[in-house]
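The structure under discussion appears below in the form of structure tokens.
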Amino acid sequence: MTVPLSATGARPSAPSVPSAPPTGPDGAGPSGPHASARGASLRRVGRVVAVRLAHAVAVVAAAYSASFFLLFVLPGDAVLARIGTTDTVGTSDLSGLDLTTLREEVGLNDSLGRQYWDGLVGLLQGDLGSSLVNDRSVTALLAEALPNTLTLMLLSLVLSVPLGFLLALLAVVPRSRALRSFAALVPSAYVSLPVFWIGVLFIYLFAITLGWFPAGGSQSASALVLPTAVLALLGAAQFAQVLISSLRTEVGKTYAAVTAPAKGASRTYTVFRHCLRNAAFPFLAVFGLRVGQLLAGTAVIEVVFSRNGIGRLMVDSVKAVDLTVVLGLVVVLAVVYVVINAVVDVGYALLDPRLRRRAPAPAPEVDA
Amino acid sequence: MTDTATTTPDRTDARTAPAAADPADVLVRVRDLTVTYRRDDAVDTALDGVGFDVRRGKVTAVIGESGSGKSTLAHAVVRLLPGNGAIAAGAIELDDEDLLARTDREFRPLRGRHIGFVPQDPVSSLNPTKTIGAQVREAFSLAGSALTAEQVEERILGDLRDIGFAAPETLLARYPHELSGGMRQRILVAIAFSQRPRLVIADEPTSALDVLVGQEVLRSLHDVRTKHGTTVVLITHDLALASRNADDVLVLEAGRLVEAGPVAEVFAAPRHPYTRALLASSARLREGRVLSIAEAYERHGPDVRRAGSPSAEAPAVVTLDGVSKSFGGGKSHVRAVDGISLAVAPGSTFALVGESGSGKTTTSRLVLGLESADAGSVHVLGEDLGTLDRKGLRALRRRVQVVYQSPFESLNPRLDLRSIIAEPLDSFRVGSRAERRARVAELLDRVRLPASYATRRPQELSGGQRQRVAIARALAIRPELLVLDEPVSALDATIQAQVLDLLQEIQQELGLTYFLVTHDLAVVADVATQVAVMRRGRLVESGPTADVVLRPQDDYTRALLAV
């Protein structure tokens, strides 16, 4: 996949949502009214949003451009791919075939710069061109495939986050060392298995042997169960791996290992009230990246479970060197990345109360 | 101290059970306490049959070097040992109640409500994403306090005022990173005392702080303690601190209690050889009395003054002339070094003293050529650092070496000592392999480490030994100037004295010049020929050590000397 990582994925160094209401669990809002600062902070939000939007557009354009030129370097084109190889040209049933005319028809004979420019202008107008293979509009193809994939992806994502937290807590909280070690082992084991293999295993177990769910298809809701399970578990395992290590670090820090228990806090209380939030920062940092992996996993899973969707579309159009469709897919994926990264940034602001308000001037050391 | 299976505690010394005339006066009674740590395949005994009494309403100091088990003792009493630690035997009683009879769940209500704890490191001891107010209030909610929210708020504000915060109202909505280390430590003290516990255990409460700030924290701890009549157990490695703040003292050596009794008696007439050695290592303690830095200097100074006789005519090794250095722009603009001038005579020891944030580290980095000055000139060994190109700078690095503060971080744990010490030789391609080997052996000998150590790795060494290795490495390419950045502040007092002695010895033999950076004037008074005191980027005072120590002109210097 040639989707570059969004430049906005880095940990925000400045508060992104400074005006969020102080509704933290601490219950202690900043004392003193800041009404006069409201106008200024709104302007600040406006500026932040504008910068973010510009970033987003730049990321999508960059992804498009990079993929365009990369794909052009590849040997062969859609016309050739449809025919097979050059050897077959001139044989009986393909005699009289004029490759140049065919290429002319789909615009492959234009200069590279012209093709790129046309594509870019189309992209700005929301027109992604039409497939080189079957003349259908790329937007229509995407609109057809996207809902299926988004459903699968979002569903498994929504399931994998709480599941990941649960696994991580199991690996950190229990008193029994054996239980903790075992719980810590599960995610690593699951992550090291290839997705397609798990997919096939699930089909064999739950579709063929037990007959509980259909092995494939994209129509019924029950067809969604197995692919969602495979992906949700994968996401959960990946999230759990990050969370386990960050939770262990937090639990070992003095504020959790000494200060809180010295006040009379139990281990469970300490983990939930003190460590969980701090341990979630590294989790957020990798969240964007993991979603990318989940996307790749979705493509594989769609093929394994013969579901219609972005993954299938991608595999098919790459095979057919259907450049316009592939580029359209790249644009869609880039947009998904940008959105996820925006979600991550907002997540930081929600999670870290320190980012929610502007720090007052540092307190002077009180001289006794 | 590996597995000592069965040992009979040494009970020959009458002082190991301190004179507790009236049993009713005893708050904590510890008997035959043995604490073990499970390592990979062995069991380490951290405390070995320790027994003592803590008198009600008094301050009991626990002293000993690192590894003596004093922190383990503190954590064992509140049952906050790390996961691999366990109380193997013994008894701990609080007001005649056997604490070990309680299960973990039954023990929990004691914490906070009856036993408060002040942890060592103020930076990591507060949750960074919760406000100060939330973390103090939590002490009340966890202790099941019967006070209403308003009463709690009132109590907190009162407590914080008691502990030296002039305007505690503004403090509660802040996050820990907005407070200085000293303020955070005082918050932790306030939390420990908030439930008016019978006992507060303070585990090295000031060792991570600057000298003056630490003193302030101790003063506020003393104030609250007196106000509430709380019994305090104070863990410390600082004998002067123990002597001034404690009523009783327990001396631990390698997990055993070697001496116990009233501080005045024990320090005036130590019975155990270990206590005697410990006291002798502190230049500040004589006949059970804490000397002022000036007094200590007068007693020890003469031989230093004789030793350091730098020729005034010789050109200075380091010259700073009106040097300034700033960091950051806009609001975060900081003037770390603000127009300082100084000169270091060859063969002398120049001590730059200042607290954290004073700019002393930036100054040392300017001398090392790791930073470039914004204004003014830096001359080192006759070269103008402002005009030197990369090549010139590298050539100069052969003549200037550095010893860093933490010997635990400055040595690569994956290399053996030979590779570590030979690294400067390798990097400057000095000598053949055989010659480098010979040089390493010679250097090990020079820093008083056995030659067999060449194949060891840093983690097999103690802190003091590691710092010797760092010194050997710095000496490897025969530099003319050594920059010593807090060379002993990570070490125990006894080891500090040894390392400083070693540094002086080496200086006399090799005629080196030392540029020494430290926060502790007491440590350097004995070894420095010149002292400069730095505060907020400026030099407030500088001159020959005798002048600065005995006749300080600046109030800040006087404050540092009064510690």
Side-chain angles (χ1 to χ4, degrees), chain A residues 13-14 22 24-32 34 172 175 177 180 248-271 273-281 348 350-368, chain B residues 75 78-80 82-83 104-105 108-113 115-121 123-131 133-135 137-139 142-144 164-167 169-180 182-183 186 188 191-192 194-195 201 203 213 216 219-220 223:
Chain A
S13 54
D26 312 333
S31 57
H34 297 296
V172 175
R175 281 175 163 279
R177 176 183 291 267
R180 290 206 308 262
R248 279 182 179 161
T249 311
E250 292 301 322
V251 167
K253 286 187 183 164
T254 321
Y255 74 84
V258 177
T259 312
K263 293 179 197 168
S266 69
R267 184 175 171 88
T268 319
Y269 176 98
T270 307
V271 170
R273 297 295 290 274
H274 284 285
C275 305
L276 207 50
R277 185 201 294 194
N278 299 341
F281 294 120
Y348 270 121
L350 289 181
L351 210 58
D352 194 339
R354 291 171 299 181
L355 292 181
R356 262 187 250 152
R357 65 191 174 96
R358 225 197 294 220
E365 176 78 42
V366 181
D367 293 318
Chain B
H75 287 92
V78 272
R79 220 187 275 186
L80 284 176
D104 283 355
R105 191 179 289 273
R108 207 184 299 144
L110 284 180
R111 295 196 199 115
R113 216 181 306 174
I115 309 175
F117 193 90
V118 183
Q120 177 170 7
D121 174 17
V123 175
S124 67
S125 298
L126 288 169
N127 185 342
T129 59
K130 281 185 176 248
T131 60
Q135 300 191 53
R137 269 177 227 119
E138 191 187 55
L142 281 170
F165 289 106
E169 295 83 1
T170 59
L171 213 67
L172 297 181
R174 288 175 190 274
Y175 287 94
H177 72 277
E178 297 168 330
L179 271 57
S180 69
M183 293 168 88
R186 272 186 283 167
L188 287 159
I191 290 175
S194 67
Q195 305 311 308
I201 299 173
D203 183 11
V213 179
E216 229 167 74
R219 199 177 303 140
S220 49
D223 289 349

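Below, read A as the first sequence line, B as the second, and so on, with proteins coming before strands; counting in each chain starts at 1.
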Query raised in the report: A:Arg277 side chain to B:Thr129 main-chain N or O, any donor-acceptor pair under 3.5 Å?
Result: yes
Report summary line: Given the options B:Arg108, B:Arg113, B:Arg111, B:Gln135, A:Lys263 meets side chain to side chain contact (heavy atoms under 4.5 Å, CB included) only with B:Gln135
Report task. Find the one option among B:Val78, B:Leu126, B:Leu188 whose heavy-atom pairs under 4.5 Å with chain A are most numerous. Result -> B:Leu126
Report summary line: Ranking B:Asn127, B:Leu110, B:Val118, B:Leu80 by heavy-atom pairs under 4.5 Å to chain A gives rank one to B:Asn127
Requested in this report: Identify which part of B:Asp203 has an atom lying under 4.5 Å from any heavy atom of chain A, answering side chain, backbone, both or neither.
Outcome: neither
Query raised in the report: With only heavy atoms counted, which part of A:Arg175 is less than 4.5 Å from chain B, the side chain, the backbone, both or neither?
Result: side chain
Requested in this report: Compare all side-chain heavy atoms of B:Ile201 with those of B:Ile115 and state whether any distance is below 4.5 angstrom.
Outcome: yes
Report task. State whether B:Glu216 and B:Arg219 are salt-bridged, where the test is any N-O pair (Lys NZ or Arg NE/NH1/NH2 against Asp/Glu carboxylate O) under 4.0 Å. Result -> no
Query - Side-chain heavy atoms of A:Thr254 within contact of B:Gln120, under 4.5 Å - result: no
Requested in this report: Would you mind checking which part of A:Ala265 comes under 4.5 Å of any heavy atom in chain B, side chain (CB onward), backbone (N, CA, C, O), both or neither?
Outcome: both
Query raised in the report: Checking heavy atoms, do the side chain of B:Pro128, its backbone, both or neither come under 4.5 Å from chain A?
Result: both
